[in-house]
Trainee: 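Have a look at this one.
Nothing here was measured: the structure is a model prediction, and the numbers come from that model. Scope of the values below: all heavy atoms of this structure, side chains included, with no hydrogens, waters or symmetry mates.
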Amino acid sequence: NMTNNSKYNNETPNRYAKALMLSCNNESDLKKTKSDFDDFIKTYNKLNELKLFFQTPLINPLRKKQILVEILKKIKLCENFSNFLITLANNGKLFLLKKIFIEFNNLLDKKNGVIEVTVTTTDLIEKAIQKKIQSSLEKTLNCKIKLKEITDKSIIGGIILKINSIMIDNSIRNKLQDYNFNERLN
């Protein structure tokens, strides 16, 4: 059943991401956990062996946990994040690590009131203009923004904004109606 499967694919990572967030007792715990998670994912993305180890169902779960415990002894991760990885191993969910990472960052953004704005243009935008767009939108929308840039040669020109992966909702559309990019960027 495909629908249950895709539902499971998003729900489970979200549950684990929430659990990881709740396991942080304070801001400093959360900061350490986030920074360890960031570093770990960087390494994970670089090392195919690590990726394979996390993804493969062929290694016995108990053996997988033992190997993970050995890896964790060698790298300095905060207790919270180490325990989290071991919990994933115990539950046979290490293969979801990347999805959990995405969900965890989404939850953090929500908690911090950050909105992701996707800017689609025909060519890459210069850093200075990116900063202008960002600060200008932050003022207009009155919130923190994470700018994600996409280039798409098939659009004829101009700029497409997508806010929080939904096309701009009405409250934001009204705020943007009188928002003239050229005027704001000059």
Trainee: Measure the spacing between NZ of Lys98 and CD of Gln55 and express it to the nearest 0.5 Å.
Mentor: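 Reported value, rounded in 0.5 Å steps: 9.0 Å.
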Trainee: Tell me whether Lys65 at atom NZ has more than 12 heavy atoms from other residues, nucleotides or ligands lying less than 6.0 Å away.
Mentor: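 Atom NZ in Lys65 is not packed in, count stays at 12 or less.
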Trainee: Are the side chain of Lys148 and the backbone N or O of Val117 linked by a donor-acceptor pair below 3.5 Å?
Mentor: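 No: the side chain of Lys148 does not pair with the backbone of Val117.
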Trainee: Does Leu68 reach the side chain of Leu94, with side-chain heavy atoms less than 4.5 Å apart?
Mentor: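 Leu68 vs Leu94: side chains touch.
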Trainee: Taking Asn60 for the side chain and Leu62 for the main chain, is one N or O donor matched with an acceptor at less than 3.5 Å?
Mentor: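 Yes, Asn60 side chain to Leu62 backbone: donor-acceptor pair under 3.5 Å.
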Trainee: Tell me whether Glu149 at atom CD has more than 12 heavy atoms from other residues, nucleotides or ligands lying less than 6.0 Å away.
Mentor: yes
Trainee: Apply side-chain contact (heavy atoms from CB on, under 4.5 Å) to Glu116 and Asn106, showing your working.
Mentor: CA-CA 9 Å; Glu116 184 178 84; Asn106 288 343; 5.8 Å; no
Trainee: Should Ile75 and Leu52 be regarded as members of a common hydrophobic cluster, given that ILVMFWY residues are connected when their side-chain heavy atoms come within less than 4.5 Å of each other, either directly or indirectly?
Mentor: no
Trainee: Working to the nearest 0.5 Å, report the span between NZ of Lys93 and OG1 of Thr12.
Mentor: 6.0 Å
Trainee: Please test Asn14 against Lys18 for side-chain hydrogen bond (donor to acceptor under 3.5 Å, both in side chains), starting from the C-alpha separation and ending with a verdict.
Mentor: CA-CA 6 Å; Asn14 187 273; Lys18 275 186 184 145; 3.2 Å; yes
Trainee: Any pair with a residue in residues 99-127 that passes ring-ring contact (aromatic ring centres under 6.0 Å, His included), sequence neighbours left out, goes on the list, sorted by first then second residue, please.
Mentor: Phe37-Phe101, Phe37-Phe104
Trainee: Would you find more than 12 non-hydrogen atoms of other residues, nucleotides or ligands less than 6.0 Å from Lys31 atom NZ?
Mentor: no
Trainee: Treat each ILVMFWY residue as a node, draw an edge where side-chain heavy atoms are under 4.5 Å apart, and state whether Ile102 and Phe81 are in one component.
Mentor: no
Trainee: Find the distance between CG (Asp36) and NZ (Lys76) and round it off to the nearest 0.5 Å.
Mentor: 11.0 Å
Trainee: When rounded to the nearest 0.5 angstrom, what distance separates NZ in Lys127 from NZ in Lys131?
Mentor: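 Going from NZ on Lys127 over to NZ on Lys131, the span is 7.0 Å.
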Trainee: What ring-ring contact (aromatic ring centres under 6.0 Å, His included) pairs are there with at least one residue in residues 50-71, not counting sequence neighbours?
Mentor: Phe40-Phe54, Tyr44-Phe54
Trainee: How close do Gly113 and Cys143 get, heavy atom to heavy atom, and via which atoms?
Mentor: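 For Gly113 versus Cys143, the nearest heavy atoms are O-CB, 3.9 Å.
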Trainee: Measure the spacing between OG1 of Thr121 and CD1 of Ile133 and express it to the nearest 0.5 Å.
Mentor: 7.5 Å
Trainee: Would you say Leu30 and Tyr16 are hydrophobically clustered, going by side-chain heavy atoms of ILVMFWY under 4.5 Å?
Mentor: yes
Trainee: Membership question, hydrophobic clusters at under 4.5 Å side-chain separation (ILVMFWY): are Ile59 and Ile86 in the same one?
Mentor: yes
Trainee: Which pair of heavy atoms, one from Ile145 and one from Glu138, lies closest together, and at what distance?
Mentor: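 That closest heavy-atom pairing would be N-OE2, 3.0 Å.
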Trainee: Do Leu77 and Leu85 make a side-chain contact, defined as non-hydrogen atoms from C-beta onward lying under 4.5 Å apart?
Mentor: yes
Trainee: Could you grab the distance from atom OG1 of Thr151 to atom CG of Leu124, nearest 0.5 Å is fine?
Mentor: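 Reported value, rounded in 0.5 Å steps: 5.5 Å.
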Trainee: Can you hop from Ile100 to Ile71 via hydrophobic side chains spaced under 4.5 Å?
Mentor: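 Yes; tracing contacts between hydrophobic side chains, which count when under 4.5 Å, links both residues.
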Trainee: Do Lys64 and Ile67 touch side chain to side chain, with heavy atoms closer than 4.5 Å?
Mentor: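 Not touching, per the 4.5 Å side-chain cut-off.
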Trainee: Under 4.0 Å between a side-chain nitrogen and a carboxylate oxygen: does that hold for Asp38 and Lys34?
Mentor: yes
Trainee: Given side chains that start at C-beta, do those of Leu88 and Leu96 come closer than 4.5 Å, heavy atoms only?
Mentor: no
Trainee: How about Asn80 and Ser23: does a side-chain donor come under 3.5 Å of a side-chain acceptor?
Mentor: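 A pair is found: one side chain offers a donor N or O, the other an acceptor, under 3.5 Å apart.
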Trainee: Heavy-atom distance under 4.5 Å between the side chains of Leu147 and Gln130, does that happen here?
Mentor: yes
Trainee: Please list all pairs passing the ring-ring contact (aromatic ring centres under 6.0 Å, His included) test where one or both residues lie in residues 57-76, with sequence neighbours left out.
Mentor: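 Those involving residues 57-76 do not exist here.
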